[in-house]
Amino acid sequence: MIRLRVNGKERTMDGPATVQELLHDLKLHPATVVVELNEEILDRERLSEVRVKDGDQLELVHFVGGG
Amino acid sequence: MIRLRVNGKERTMDGPATVQELLHDLKLHPATVVVELNEEILDRERLSEVRVKDGDQLELVHFVGGG
Amino acid sequence: MIRLRVNGKERTMDGPATVQELLHDLKLHPATVVVELNEEILDRERLSEVRVKDGDQLELVHFVGGG
Amino acid sequence: MIRLRVNGKERTMDGPATVQELLHDLKLHPATVVVELNEEILDRERLSEVRVKDGDQLELVHFVGGG
Amino acid sequence: MSEASQGAEAPTDPGLTVAGRTFRSRLMVGTGKYADNATMIRAIEASGAEVVTVAVRRVDLDRTKEEGVLYHLDPERFFLLPNTAGCYTAKEAIRYARLGRAAGMTDFVKLEVIGDENTLLPDLHATLEAARILVDEGFKVMAYTTDDLVTALRLEDAGCVAVMPLASPIGSGLGLVNPFYIREIKRRLQVPVIVDAGVGTASDACVTMEQGVDGLLMNTAIAAARDPISMGRAMRLATEAGRLAFLAGRMPSREMAVPSSPTTGMLD
Amino acid sequence: MSEASQGAEAPTDPGLTVAGRTFRSRLMVGTGKYADNATMIRAIEASGAEVVTVAVRRVDLDRTKEEGVLYHLDPERFFLLPNTAGCYTAKEAIRYARLGRAAGMTDFVKLEVIGDENTLLPDLHATLEAARILVDEGFKVMAYTTDDLVTALRLEDAGCVAVMPLASPIGSGLGLVNPFYIREIKRRLQVPVIVDAGVGTASDACVTMEQGVDGLLMNTAIAAARDPISMGRAMRLATEAGRLAFLAGRMPSREMAVPSSPTTGMLD
Amino acid sequence: MSEASQGAEAPTDPGLTVAGRTFRSRLMVGTGKYADNATMIRAIEASGAEVVTVAVRRVDLDRTKEEGVLYHLDPERFFLLPNTAGCYTAKEAIRYARLGRAAGMTDFVKLEVIGDENTLLPDLHATLEAARILVDEGFKVMAYTTDDLVTALRLEDAGCVAVMPLASPIGSGLGLVNPFYIREIKRRLQVPVIVDAGVGTASDACVTMEQGVDGLLMNTAIAAARDPISMGRAMRLATEAGRLAFLAGRMPSREMAVPSSPTTGMLD
Amino acid sequence: MSEASQGAEAPTDPGLTVAGRTFRSRLMVGTGKYADNATMIRAIEASGAEVVTVAVRRVDLDRTKEEGVLYHLDPERFFLLPNTAGCYTAKEAIRYARLGRAAGMTDFVKLEVIGDENTLLPDLHATLEAARILVDEGFKVMAYTTDDLVTALRLEDAGCVAVMPLASPIGSGLGLVNPFYIREIKRRLQVPVIVDAGVGTASDACVTMEQGVDGLLMNTAIAAARDPISMGRAMRLATEAGRLAFLAGRMPSREMAVPSSPTTGMLD
């Protein structure tokens with residue numbers, strides 16, 4: 001089982017998975033978020049290749065209203 | 001009996017009297033007030049001569065704090 | 001001969017005349033000016049009736065730029 | 001002969017001398033100036049020991065009116 | 001009126017009504033001090049103003065000066081408001097008002113009785129006296145005055161159809177020196193309050209309208225700008241902007257800062 | 001843009017160009033603090049702004065909050081400018097700038113490094129440090145700063161494409177507190193000077209543009225108005241008015257009065 | 001008077017002369033609104049004022065209120081100036097002026113005719129009417145008025161011995177809202193100009209005196225301060241400072257900077 | 001100090017303490033730009049200042065200029081504070097600071113690093129860098145800076161013994177342009193805040209002290225007045241007045257008026 005930290009919250013996944021699959025689980029469309037994996041930004045193209053490992057830190061961000 | 005209006009309030013005196021006597025009744029020192037009798041200012045000298053009549057209007061004024 | 005004062009300047013006319021004629025001499029169109037005769041405003045209708053007399057004071061005014 | 005630069009101006013002295021002697025030549029009282037020799041501040045005590053060498057840069061400064 | 005402002009004003013702004021007569025624009029302009037009439041016309045058009053003030057003066061019999069302003073302003077498009085500028089007594093002002101009525105065929109008059117030559121500040125006492133007489137004669141008096149509240153109230157009582165306090169002296173361009181008094185005058189009067197004189201640039205017009213007054217009258221700020229046509233347009237936009245901002249209700253101002261971006265959702 | 005302002009701007013105002021990209025409107029607006037997205041959209045449309053700022057924040061995985069602002073702003077119509085609001089160090093700001101670039105597919109970033117929580121005033125030292133690094137990384141940095149001239153000059157030297165001094169603290173609505181410094185900054189810089197933060201109402205926008213600056217950015221003044229849509233429109237008109245007035249060249253202001261009606265041609 | 005100011009005033013300031021009577025201090029104070037008489041006395045002493053204003057009111061026959069102010073102010077030290085505060089018509093003000101003369105055995109009166117209850121702004125028309133009558137009756141009228149130049153000139157013509165324009169409404173503490181008008185009034189009048197009402201703190205007193213006016217009258221600013229005694233002293237110093245600064249002739253202000261230390265004699 | 005102010009300050013004002021050294025007067029003055037030394041001395045004496053700033057410059061070996069200022073200022077009476085005026089880099093400022101220490105036998109230095117020749121505004125970045133180094137060398141650094149809060153906080157963190165924000169540019173005489181920032185800096189710092197530069201006349205000094213700051217430093221306002229001696233005295237009184245008014249706690253200001261005479265006890 002894999003332990004991740006996603007947007008500051010602990011999250012477990014049973015078995016390995018790509019970031020794309022994680023987003024899918026979270027019902028997030030890849031086009032609408034930016035993924036930072038362990039403080040490195042992931043290109044959208046690579047979301048389906050890169051696999052999350054135990055202990056990974058992910059930040060899933062997007063634009064919100066701001067001044 | 002004499003009916004007066006002194007500083008906006010009805011006041012009666014039994015029998016005639018000078019303004020000076022009225023002030024004395026009111027425990028006012030003549031030197032500390034100005035007397036207006038029926039809208040005419042009374043000189044201090046005349047306070048002991050002038051007698052109040054029924055229906056007279058008197059205003060007894062002095063200095064108070066003001067800007 | 002008639003002596004007039006028109007807009008502050010002496011002016012003479014040989015023989016009697018209506019205000020209308022005076023305006024005509026001055027090349028002024030009645031519609032574009034207001035005539036004050038001896039401090040009384042003349043209605044346009046009356047310009048052709050009223051005759052100027054010796055010593056008359058006339059002011060011929062119109063609108064100019066102002067704030 | 002020694003070539004110095006004092007307060008930005010070339011100055012020559014025939015023969016070696018202490019800073020104190022230089023000040024004396026310039027009619028400056030040691031107590032009233034601060035001496036910087038080649039960008040190092042000289043303690044007043046040492047003015048009579050230290051000797052100027054050819055090529056030395058001296059700045060003689062004091063307080064002036066300022067805001 | 002501009003599409004932008006139509007869009008904006010349409011729902012909110014019925015325009016300015018004085019003595020039953022409604023004007024689309026809240027900006028009124030004078031016709032004095034322009035380099036030439038062509039510039040005047042274009043600047044006034046750019047300003048969007050309908051009400052333009054004019055003065056009554058002698059015809060120049062020597063024809064050295066150009067003809068009257070009437071030749072240049074289409075009475076179909078512009079409402080000519082005669083003023084009594086240059087008068088120093090009630091008697092004189094009344095005489096000019098009558099001539100203005102005869103020349104303009106309107107009962108509206110901008111009453112001005114000057115009390116001091118250096119500052120051109122009004123004589124409030126003579127103004128009030130003249131206002132009472134002119135109202136009796138059936139004039140619709142729009143009274144030029146200072147920012148003195150009590151005189152403004154008296155002018156309203158006297159039957160003036162509008163009260164026109166100054167922002168600062170005529171031609172000074174100092175802008176709105178005392179917003180408190182203007183705001184109080186507006187709060188207290190029923191008739192339209194139209195600020196007259198003192199505006200120097202667009203922001204002066206904007207901040208004055210933000211006090212809630214009904215309108216503005218200006219002349220020099222446009223006529224004496226380097227480019228009167230652009231300034232005319234600037235004044236039109238600034239007047240609309242100030243009115244809209246007043247109606248929109250500004251944010252409270254505070255010395256403390258408040259973030260405009262969320263303080264939550266930050267990364268670790 | 002309104003007919004009025006088209007007419008006005010057409011000949012005079014080529015619009016605002018930042019790093020080779022030209023924007024028709026000189027007004028930029030934020031997207032924060034609106035009651036709802038519908039109001040935000042309408043207010044922004046009313047403001048005529050093309051550039052709208054957005055913040056980078058975590059996706060709310062619990063879906064309690066509404067989705068990102070991107071769903072509501074047509075990228076064809078609006079240029080989304082990511083900011084680094086909420087960052088307190090150069091390192092943090094750089095991280096958010098990179099995320100903004102990835103999210104917005106643009107090199108433009110509004111760099112903000114806050115130095116104090118109470119006033120939200122920028123940390124000029126960290127801002128300059130971050131600006132240098134981001135410029136090296138190919139960002140087009142628009143730097144939020146105070147009205148400090150020397151820092152503004154340094155930010156220009158560092159390669160920022162625009163310098164954005166504040167009029168007064170974020171969300172304060174105090175308006176342009178120090179026109180001297182803003183004017184001096186504009187006088188001295190080559191890159192566009194866009195005043196950011198502090199505007200409270202339309203006249204603040206107007207007077208700020210009259211200083212000659214190239215543009216304005218605001219958020220709270222519109223979002224926190226009682227009627228944000230009308231205020232959005234007011235800000236659009238006020239920004240145009242201030243720009244036009246600056247270009248038109250205002251009359252000189254003087255303490256002495258000057259008549260606007262002729263002093264000659266008076267009656268006897 | 002303080003040693004400092006003695007030293008300063010001695011050569012320069014003969015003090016303030018009204019109708020032939022000279023007062024050492026240019027600061028006059030009211031006696032209203034104090035928590036208690038002890039505080040009032042100490043605050044007035046700290047202010048250095050010689051002229052103190054008093055109001056005329058009915059004696060309280062029920063003795064619930066304390067006795068008149070006369071008990072507390074040494075007539076040897078202070079000149080009691082009766083006012084007509086609270087009067088709304090010329091007739092009423094004249095009546096109070098006469099009572100004040102009888103009570104104070106002085107012809108001096110501070111004439112006040114209020115025209116509006118909310119703002120306590122004067123009725124300029126009734127004030128002028130009352131001033132003319134009181135001057136005829138031999139009063140030395142010091143007339144409270146607005147900052148309206150023309151009324152100030154009329155009051156001087158009417159024979160007032162001093163004109164007392166307000167800085168801002170009574171008790172408002174807004175300070176000197178319109179320095180232009182006050183300066184112009186001072187420029188044009190021969191009689192002393194004493195600014196009355198509106199001062200809120202020491203700098204208001206200072207900046208008002210810097211306009212060149214002859215004196216100041218205040219009440220609330222001292223009485224309603226947290227510490228009236230210290231504020232009284234502050235007002236005394238501020239009034240002296242403002243007068244001295246006016247006489248000293250301030251440096252010109254300019255947007256450009258000018259170094260105060262030498263630019264020559266720098267090191268290599 | 002004047003009797004008046006002694007009386008006033010005695011109970012309330014312990015004077016100004018910087019790095020353990022207490023000064024009776026909160027006013028510090030510069031020694032530049034005087035017509036002659038005699039005037040300088042008398043003006044400084046009139047100002048009551050104990051701390052006077054001096055610059056470090058080359059001795060004039062041609063003796064065309066007068067001798068150093070030390071000849072004219074009694075070190076028993078005045079505390080000479082060396083400045084680094086005219087320096088444009090941290091390195092240069094440090095060099096001058098060391099020379100000032102050697103000349104004045106004091107560790108106190110007024111650190112000034114200018115960032116722009118036209119405005120003489122400080123380089124906040126170089127100032128902070130120099131401050132850190134000088135503090136390490138044991139200097140008691142009083143840092144001249146802008147009204148930027150964050151830099152002020154950093155200077156305090158760096159170990160400066162006083163922070164000296166400007167009111168407006170050196171020699172401009174524009175007065176306190178941004179009271180908000182100065183007030184906030186005072187609120188937030190532990191070390192004394194002494195406003196330096198920009199004061200033009202007495203009311204500027206008074207209003208600045210009313211913000212609660214610990215002291216003032218000025219030069220041109222006194223030296224460039226028509227009568228520097230009277231202005232020196234005016235500044236002394238204005239500084240005391242502003243301090244006292246701050247401590248006394250001013251009345252609240254309000255737009256509504258409040259009568260200062262009783263509204264009861266009026267006649268029928």
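Lettering of chains follows the sequences in order, A, B, ..., and the numbering in each one begins at 1.
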>> Restricting to ring pair (Phe, Tyr, Trp, His ring centres under 6.0 Å), what partner residues turn up for E:Phe108, sequence neighbours left out?
In response: E:Phe79

>> So if I take each residue of residues 40-52 of chain C and look for any heavy atom under 4.5 Å from a heavy atom in chain E, which residues do I end up with?
In response: C:Ile41, C:Arg44

> Can you check side-chain contact (heavy atoms from CB on, under 4.5 Å) on C:Lys9 and E:Asp62, steps first, answer last?
Replying inline: CA-CA 11 Å; C:Lys9 292 216 188 73; E:Asp62 319 332; 3.6 Å; yes

> Which residues in residues 41-48 of chain E have any heavy atom lying under 4.5 Å from a heavy atom of chain C?
Replying inline: none

> By a 4.5 Å heavy-atom criterion (distance strictly below it), what part of E:Lys33 contacts chain C: side chain, backbone, both, or neither?
Replying inline: neither

> Is there a donor-acceptor pair closer than 3.5 Å between any side-chain N or O of C:Asn7 and the backbone N or O of E:Asp60?
Replying inline: no

> Once you round to the nearest 0.5 Å, how far does CZ of E:Arg58 lie from CG of C:Leu58?
Replying inline: 11.0 Å

>> Atom CG of residue position C:Asp14 - does it have more than 12 heavy atoms of other residues, nucleotides or ligands inside 6.0 Å?
In response: no

> If you measure from CG on C:Leu26 to CG on E:Leu61, what distance do you get to the nearest 0.5 Å?
Replying inline: 5.5 Å

> By a 4.5 Å heavy-atom criterion (distance strictly below it), what part of C:Val34 contacts chain E: side chain, backbone, both, or neither?
Replying inline: side chain

> In terms of heavy-atom proximity below 4.5 Å to chain E, should C:Lys27 be classed as side chain, backbone, both, or neither?
Replying inline: both

> Which residues from residues 88-102 of chain E are near chain C, with near meaning under 4.5 Å between non-hydrogen atoms?
Replying inline: E:Lys91, E:Arg95, E:Arg98, E:Leu99, E:Gly100, E:Ala102

> Can you list the steps and then say if E:Val59 with C:Val61 is a side-chain contact (heavy atoms from CB on, under 4.5 Å)?
Replying inline: CA-CA 5 Å; E:Val59 173; C:Val61 306; 5.6 Å; no

>> Looking at every non-hydrogen atom in both residues, tell me the closest pair between E:Ala55 and C:Gly65 and how far apart they are.
In response: CB-O, 4.2 Å

